[in-house]
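Data first, discussion second: the structure below is written as structure tokens.
The sequence lines fix the lettering, A, B, ..., with proteins before strands; numbering per chain opens at 1. Because the structure is predicted, anything quoted here is derived from the model rather than measured.
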Amino acid sequence: MAQVFDRSSNALARASLVLTGLLVIALGVTLDQLQRSPWVTRQGQRADQPIPFSHKHHVEGLGLQCQYCHTTVEVSSYAGIPPTKTCMNCHAEIWTNAPMLQPVRDSWATGQSIQWIKVHDLPDFVYFNHSVHVNKGIGCATCHGRVDEMPLMYMENSLQMEWCLDCHRNPAKNLRPTSEIYNMAWQGPTRGQPVYCAPTGKGGATAQSTECITRQPPSGPEIAFTQEPSLGESGTRLEPRSELKEGGNAGQTVPMIPISAPYQKFSTQMDLGRYLTAQYHIRPPNELTSCETCHR
Amino acid sequence: MKTTDMEQGIGSNATVVTEIAPAKLTLAQVRAKLDGTRGKRFWKNLDELADEPGFHAMLAEEFPRLAGAEPNEWVDAVSRRGFMKVMGASFALAGLAGCTKQPDEPIFPYVKAPEDLILGKPMYFATAFPFPTGAIPVLVKSDAFRPIKVDGNPDHPMAKGKSDALTQATLLDLYDPDRSTRPLYRGQPADWAEFQEAFAKAAKASSGGQGIYFLSETITSPTLAAQWKQVQAKYPSAKLVQWDAVNQDSSRAASKAAFGSYMDAQYKLENADVILSLDADFLGGIAHPGFLPLAAAYSARHRYVEGQTMNRMYVVETMATVTGFKAEHRLALKPSDLEAFAQQLARVMASPSIPNVGRAEGSVVRTAEAVIFANALIKDLKAAAGRCVVVPGEQAPASVHAAAYALNAALGNVGKTVIYTETVNPLPSEQNADFASLVGDINAGKVQWLVMLGVNPLYSAPADLEFQAAFDKVPNTVHLGSHVDETGVLSVWHINKTHYLESWSDARAYDGTISIIQPMIAPMYGGHSAHEVLQSLLDNPEASAFDVVQENAKTYIKGDFATAWRKALHDGWVEGTAFTASSASPKGGASQAPAASSAAPAGMYEISFRPDPSLYDGRYANVGWLQELPKQITNLSWDNAAMMSLATMESLGLAQSDAVEIEVNGRKLVAPALMVPGQADGAVTVHVGLGRRVEAGRVAAGAGFNAYYLRPSGAPSYAAGKLTRTGGTYDICVTKVDTIEHRGAFAQQDLNDKIFDKEGTYSLPGHEAMERAIIRYATLAEVTKNPNFAHENDGDVPGALINKVGYAPEGETPAHGESFFPDAWRYDRKDVSSGTIQNKWGMAIDLNSCIGCNACVVSCYAENNIPVVGREQVKIGRNMQWLRIDTYFEGDLHAPRAHFQPMACQHCENAGCEQVCPVGATVHSPEGLNVMVYNRCVGTRYCSNNCVYKVRRFNFLLYSDYDTESLKFMRNPDVTVRSRGVMEKCSYCIQRIEAAKIDADKQNRPIRDGEIVTACQQACPASAITFGNTNDPNSAVSKQKATERDYQVLADLNFRPRTTYTAGVINPNPELA
């Protein structure tokens, strides 16, 4: 009986082994890539919304401020989706017959919600809080991209865990002055367009602790004194937050001493970020990346 | 199970996954066991003492019967094999789970957003939970207008933010999927308006309301009482009978006899140095009036604080209760003896000529033990006259109340530690007599309409009244109830009742303050309240509950009404409505007391009837949290039992779990026998509230037996009964196995003194509780001598083996050795910019204050969305409570001492669980928390295996209910859902910590002490739990941990737990020591 397999089969067998290995690797790589692909993450996809609402038109064109609609972004974990009433504030007067706005009028008439599709949809086991981000120097555009240039809303970033951690490990690269949170076009400081920051000496919320300006302060970057009169003679040391004082309520912070704080000049984002990290008391990376920060 | 009652009781649940051989041991064996030990010996249950091979087999696996799962392991009725077939495709794709796309999620924004609503931020509203013994003022956490947590109202002068197990569980009661959803007429859907019309027409047609009878639950609402008075004015012949199966008749009868009118007693335990409880379980729960202030005052005075006299408590009772075990001295007497004891005490106290109690002259105090107890007690009470108090139990007979009045009067306590006020119930009555006369009226054909408001007499009426037969004679029966229950299903009309969280009303609390009950949510199924039923008969039948409550509130709200009304709603109580002490004093002494009921004749036992500690009178039987909650002392779950002492068991030839037939007045019922340490000999206690029929709902149906069947109408407290062994056994459901692990003899590393029993399987909490000093306590004398008793091996403390060489050569809390990681276990990082030291969370539990009432456990259920697993799963140790209360008994079975120890994840710094997790699913946070990452967990259960505290809970099956619509509203949205195959455990309420951190960070400030309150801490009526930042030396928790009595459980293992316990101090009477 003739040989079923001739000698060439050996090579074939070897090749198939190698091929199988490669296939397995390829499959792994494919799945890995697939996981991160927009097909899974929906990054960049425009959902089929009941109304083709244009952020570009409303923000860039009309100049609406983000919080006109997303009212709770500074106080709650949810930024807030506007009720139909918010739409009707204007659209009861203008474009009252536009067929595009029929669902809004229907909702207003029937009392049924407009059924939007969630564009930025985190998994349910992730507890994201808008308020702490916008209060601590993360701008809307950092995560949501240039919403003011989006005729139809889409997700700029993947919102996957590696993307979150990328910033939580090093928040300095994205921190901006709290005055610029809603500035969609904020680019960060450059050599040509530096930012000048100084502690305000005020206690309380993050936004009050530091002042940043983009124009040159009146008396030059190093010697500007723009503070209000001193509250007392007690010391001139920069002490934004007290240590736990014995006997006192731990929550009572000693008011920051309004000292002659000079404006500092920043011409790179990293410099500014590092400065703001300290000023805004951003928690260190080991706390920001700890599991319980986002999962409970 | 042979007899019908028992089959009815457990029929549907009879499939038992495992058969754990129950302990069979005799009194002699137990004595031998206990005699063989040295010094203090703690034990947790009888099985452990018995130490039998069957028990070892059970312990050999941490989660028994895990491998050999039987067909109905999969509770969804799909067999395991079938399940594998069905799920095959899913398993194959399981590896791709990470790649699955999320489905599109819709957003439904408001059309018009409510004012003040910030989605994502909870809101809090004050209201009150009406309860027969007085309303509990509550503050309800509401997420987007869904109530998600019920806690005590911190602004209320009485509740002070504290709550109890029942109050916490009313949340699940609201969302109970078995609630009635619509009115029914003869079982068919009907309309409220039709009922209103028919009822009003019938009333008009009657002559002055003749034949119209209301049978209402105990009324605490002033508005409802006012409405009734209006109805009475319009229909003078209509009758109102208030009746609850568990009521306050004893105190009513006694106060009527003593004062001439019904009075309530308020006790001021904050002023009492010596407390005598005569069968009063006032630390057990709100079944005793005034539980919250009493528990708070008791535990405040029971703390060992410099410069404060510790109180001392004596308890005389039949069944072991948490109050009895908190007492310094406890005497177990069967009910008839207890009555006689109370009366004799009153007689001695009243007449100076009798200095003490003797054994002679027909004294009922029979045993030498009781005589010594009584005489020491009398001396102590006399010495503390005016600073002591006698508290009678609500379920004790009237004569005990009469004795308590006499005792308090003789000791000069009135006005100091006890005051008498008008009753919380605006229409006080003696309910059992009224109910019996109602049945008489029905049988006489006088009743045309029987309108039952929130009662369920077909379940709970005393069997000897033959209520069912009478009920059938009434032409028109109306049932207003939250469920179509035993009564609802047979009534002509059924009206679905609104829950208190859905309706307007008002109610008085123990101290008399009126709270307005305001709805938290629109009625989920329509529904109507008793206010609306009564209003149907009045001139403006369309007036809503809100209208009538607001109208009536004008009678008790002072000042500008609009402002005061808003303030009352906001604060949760109406100022100036608290009762003031009445000047009336009780007439006469013990001589006027009603005659004591006679003792059971020879050969009979005294059967004592008590409301279930978890379920009360049965109205909460369908609340899964309460059914599964391990009952105080016994740890029974989903069951009740004939509870008796070991001597009683012996005399009947019974063993634990044997079925025993109880016969009272010819009515027979079979119950499983359960040994309860400290039970009075010759008395058997049964809990009413279980044994609901199938109409009661998916949870209640079939759990336990209905003891109301035995309870005679004339003697609701106790009755003589006969007990017979039937020969069968019943597998009682007790939560215990989860706390016991398998340890070989090799683990008993005692170098000096070899451990006494080398055989079998050891349980650390059971066998070594004493050697390892899991429970530490001292008497006041000992602690004065050596304040550091919790850490030093004082020769005078018998059996204390703290810092024993052998378990850990380095002793307790050994220092850390060299580590590769110099930063390991360091939590003192400073914030570079502010210089603030980081947070380090810790908890301290004061064992002196803990009263074992279970409020924390139910609070944890609600806060952390903990699933209910069902009886079969509990039996095999799969109950999911993150927090349990361990009860350690000490000493003789007959008169043990007990210690309660709440045990949840200890958040060890050097945690054993973290080291063995192969996938990093349980890790350490920078603030020192031991956190679970559910998504990473693959279910190896190694962590649980390596946890010495046995506090981890595994989702063996999909316990979380994803499908039931109504339950979705109830969930705390800030807690992750746990699916099958995932380990979970106490997180120190991480969601509350994170919320506080975010708030503080936004304001650029450290977290204030007390800003984070864990759910268990919030509920604790005794303030036993403290939580906070241990890096802050001024925080409450740091101060608590700094006391000398602070100790870690199993400190020698070097797990460095963050939860520490404050060793107890007791204040025994030296004469009784």
Chain A contact via B/P122 - which portion, at a heavy-atom distance below 4.5 Å = neither

Engaged part of A/N129 at the chain B interface, taking heavy atoms whose separation is under 4.5 Å | side chain

Relative to B/Y959, does B/R953 satisfy both conditions: NZ or CZ under 6.0 angstrom from the six-membered ring centre, and within 45 degrees of the ring's axis?
-> no

Can B/Q1018 and B/R992 be counted as having a side-chain donor-acceptor contact under 3.5 angstrom?
-> yes

Just say parallel, tilted or perpendicular for the rings of B/Y827 and B/H924, cut-offs at 30° and 60°.
-> tilted

Max heavy-atom pairs within cutoff under 4.5 Å with chain A, candidates B/E105, B/Q1003, B/E1011, goes to B/E105

When the 4.5 angstrom heavy-atom criterion is applied to A/S107 and chain B, the contacting part is both

For B/N972, is it the side chain, the backbone, both, or neither that has a heavy atom closer than 4.5 Å to a heavy atom of chain A?
-> neither

Side chains of B/E863 and B/Q991: is there a donor and an acceptor less than 3.5 Å apart?
-> yes

Per-residue contact mode, B/S987 against chain A (heavy atom under 4.5 angstrom) = neither

Classify the angle between the aromatic ring planes of A/F266 and A/Y275 as parallel (below 30°), tilted (30 to 60°) or perpendicular (above 60°).
-> tilted

Where on A/R36 is there a heavy atom nearer than 4.5 Å to chain B: the side chain, the backbone, both, or neither?
-> neither

Could you look at A/Q208 and say if it's the side chain, the backbone, both or neither that has a heavy atom under 4.5 Å from chain B?
-> neither

Any donor-acceptor N or O pair under 3.5 Å, side chains A/R105, A/Q102 | yes

Do B/N1029 and B/Q838 have a side chain donor and acceptor closer than 3.5 Å?
-> no

Measuring heavy-atom distances to chain A, does B/N935 have an atom under 4.5 Å in its side chain, in its backbone, in both, or in neither?
-> side chain

With a 6.0 Å cut-off on ring centres, are A/F128 and A/H133 close enough?
-> yes

Does any heavy atom of chain B fall under 4.5 Å from the side chain of A/Y127, the backbone, both, or neither of them?
-> side chain

Is it the side chain or the backbone of A/L288 that comes within 4.5 Å of chain B heavy atoms, both, or neither?
-> neither

Taking side chain as C-beta onward, heavy atoms only, is A/S131 less than 4.5 Å from A/Y78?
-> no

Between A/I117, A/T72, A/D121, which residue shows the highest count of heavy-atom pairs closer than 4.5 Å to chain B?
-> A/D121

Top residue by heavy-atom pair count (under 4.5 Å) with chain B, among A/H130, A/R296, A/E287?
-> A/R296

Would you mind checking which part of A/P123 comes under 4.5 Å of any heavy atom in chain B, side chain (CB onward), backbone (N, CA, C, O), both or neither?
-> both

Pair A/E292, A/S290: side-chain N/O donor-acceptor within cut-off below 3.5 Å | yes

With chain A, the option among B/V933, B/V975, B/V931 that has the most non-hydrogen atom pairs under 4.5 Å is B/V975

Tell me if the SG of B/C913 lies under 2.5 Å from the SG of B/C943.
-> no

Among A/Q115, A/H295, A/M88, A/Q112, which has the most heavy-atom pairs under 4.5 Å with chain B?
-> A/Q115

Picking from B/E927, B/K997, B/M932, which has the most non-hydrogen pairs under 4.5 angstrom with chain A?
-> B/K997

